[in-house]
Amino acid sequence: MIGFDLWGACKTAPLFRLMRRMMKSTHEYFPICAYLAFVLLLLTAMLLCVCVGSVAIPLKDTATAIWNALWGLEIPAGISANIILNVRLPRVINVALCGAALSLCGAAMQGLLRNPLADGSTLGVSSGASLGAVIALALGIDVPGTAFGGPMLMAMGFAFLSLLLILSLAYVLDRSLSTNSIILIGVIFSMFASSVMSLIISFADDQIRSITFWTMGSLSGTNYDHAAILALALLLCGGILLRFARELNAFAIGEDNARHIGVNVRRVKLLTLVLVSVLIGVCVSIAGTISFVGLVVPHMARMAAGPNHRRLLPASMFSGAIFLLLADLAARTLLRPVELNIGVVTSLVGAVAFVAIFYRTRRARGC
């Protein structure tokens, strides 16, 4: 009942009504005021997540600590600066970046494959990255002299290897690299990777708790170094994906028609798959397995912003960041002092949303 009342209050808020009008606009791109509203909503969600937790921190103290830290000023005594700046703020930044990256990957994959039930994990790259991290955790693999250790590097490496394997097998089966072939190979590879992970967990008695905790997804303990890596990956890969908005719009009318209007279908498809794999590999290496973000958020953004990828991709990024922030906040506060894994919350929400999306899709097709 509380959630319903909050949602009802949000729908009547002036900012929310303004956002709905701007998102339903028929312009090719969002106006600058829409981006300002997105940023304002994102900053509000980030501040809320920093303030709320096992220890409640006043908004004034939070704003003062962050402002003084940015400008190198002394933070007044009595403010929990260590909790704000070293525990919650880096986690909140990582959650927002991870949510934006996963949602962008989902929106790009749904546009590329022309399937509203597709997301970044459809490729099997998430499973491959998870397998790499599980192997590193089980064998205690570490990289001396690095700040991030073996699981991160192994996850990123296995993400690339998984992509190469999936594309190679798809090319052998179908030299045109059709969408159906890639999805089929990706699903088969995901099953194989899950089986191997289960086998490793069966023999990893000493590390089974840490492996299980990691596979459920969590951003607890992340720091500014992780945020820098996520930001760099999102800037480089996400920037290129945003530039592919026109090509993804062309894919909506079919690959053959896109080819006839001058789109290099194979190049765009391969580059999109590689960029999505890089982003997913980085996110999985830092946050573990977080399901359904790339499925649920782009679909909701599409219902609000429309199918035009020039509007859909930015809307998915901001919506994904806000969604994962709220999911992380729920994971930290629902059963406090016990903290849930963020993957548990997103899976609960995503499972219901997946059924709703599937039902809606079947009805639209008249099945």
Side-chain angles (χ1 to χ4, degrees), residues 91 94-95 98-99 101-102 105-106 119-144 146-169 185-223 225-226 229-230 233 273 276-295 324 327-328 331 339-348 350-351:
R91 175 172 178 162
N94 278 285
V95 169
C98 193
L102 291 174
C105 290
D119 70 345
S121 60
T122 304
L123 285 175
V125 178
S126 293
S127 300
S130 300
L131 177 59
V134 166
I135 292 174
L137 290 170
L139 300 180
I141 297 175
D142 202 357
V143 181
T146 62
F148 310 109
M152 173 178 287
L153 298 179
M154 286 284 287
M156 295 175 66
F158 269 67
F160 280 111
L161 292 176
S162 300
L163 175 66
L164 292 176
L165 178 61
I166 292 166
L167 291 180
S168 299
L169 291 174
I185 298 299
V187 171
I188 294 172
F189 180 80
S190 296
M191 293 179 177
F192 172 76
S194 298
S195 301
V196 175
M197 281 191 287
S198 299
L199 181 64
I200 293 173
I201 292 173
S202 299
F203 291 98
D205 295 334
D206 296 336
Q207 301 292 335
I208 188 170
R209 181 175 177 83
S210 61
I211 292 175
T212 304
F213 185 83
W214 184 87
T215 54
M216 290 189 291
S218 176
L219 283 143
S220 176
T222 51
N223 54 43
D225 292 330
H226 296 111
I229 290 181
L230 277 171
L273 294 177
V276 166
S277 300
V278 171
L279 275 178
I280 290 178
V282 173
C283 290
V284 170
S285 67
I286 293 174
T289 305
I290 300 178
S291 304
F292 288 108
V293 177
L295 169 67
L324 203 60
D328 184 62
E339 180 177 320
L340 297 173
N341 290 78
I342 189 173
V344 174
V345 178
T346 58
S347 295
L348 289 173

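Any value given below was found using the heavy atoms of this structure, including those in side chains, with hydrogens, waters and symmetry copies removed.
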side-chain hydrogen bond (donor to acceptor under 3.5 Å, both in side chains) partners for Thr289, two or more places apart
Ser130

Is the backbone of Ser218 close enough, under 3.5 Å, to the side chain of Asn341 for a donor and an acceptor to pair up by distance?
no

Looking at Asn223 and Asp225, would you say the former's side chain and the latter's main chain have a donor-acceptor pair under 3.5 Å?
yes

Which of Leu219, Val278, Leu102 passes side-chain contact (heavy atoms from CB on, under 4.5 Å) with Cys283? Answer is Leu102

Closest non-hydrogen atom pair between Glu339 and Ser220, with its separation:
OE2-CB, 3.9 Å

For Ser127, side-chain contact (heavy atoms from CB on, under 4.5 Å) partners two or more places apart
Ser190, Ala193

With sequence neighbours excluded, what pairs up with Asp119 under the salt bridge (charged side-chain N to carboxylate O under 4.0 Å, His left out) test?
none

Looking at Ala159 and Val125, what are the two nearest heavy atoms and their distance?
CB-CG1, 3.7 Å

Check whether any side-chain heavy atom of Ser162 lies under 4.5 Å from a side-chain heavy atom of Phe189, and answer yes or no.
yes

Can you give me the closest heavy-atom contact between Gly281 and Ala155, atom names plus distance?
O-CB, 4.5 Å

For Leu169, the side-chain contact (heavy atoms from CB on, under 4.5 Å) test, sequence neighbours excluded, returns Leu165, Ile185

State which residues pass side-chain contact (heavy atoms from CB on, under 4.5 Å) with Ile211; sequence neighbours excluded, sorted by chain then number.
Val134, Leu137, Ala138, Ile201, Ala204, Gln207, Thr215

Ile229 CD1 to Ser285 OG distance, which is reported to the nearest 0.5 Å:
7.0 Å

How far does CG of Leu230 sit from CD1 of Ile286, to the nearest 0.5 angstrom?
3.5 Å

At what distance, to the nearest 0.5 angstrom, does CD1 of Ile200 lie from CG of Leu139?
7.0 Å

Going from CG on Leu348 to OG on Ser291, what distance comes out if it is rounded to the nearest 0.5 angstrom?
11.0 Å

Who passes side-chain contact (heavy atoms from CB on, under 4.5 Å) against Thr346, sequence neighbours left out?
Ile290, Val293, Phe323, Leu324, Ala327, Ile342

Do the side chains of Phe158 and Ile135 get nearer than 4.5 Å, heavy atoms only?
yes

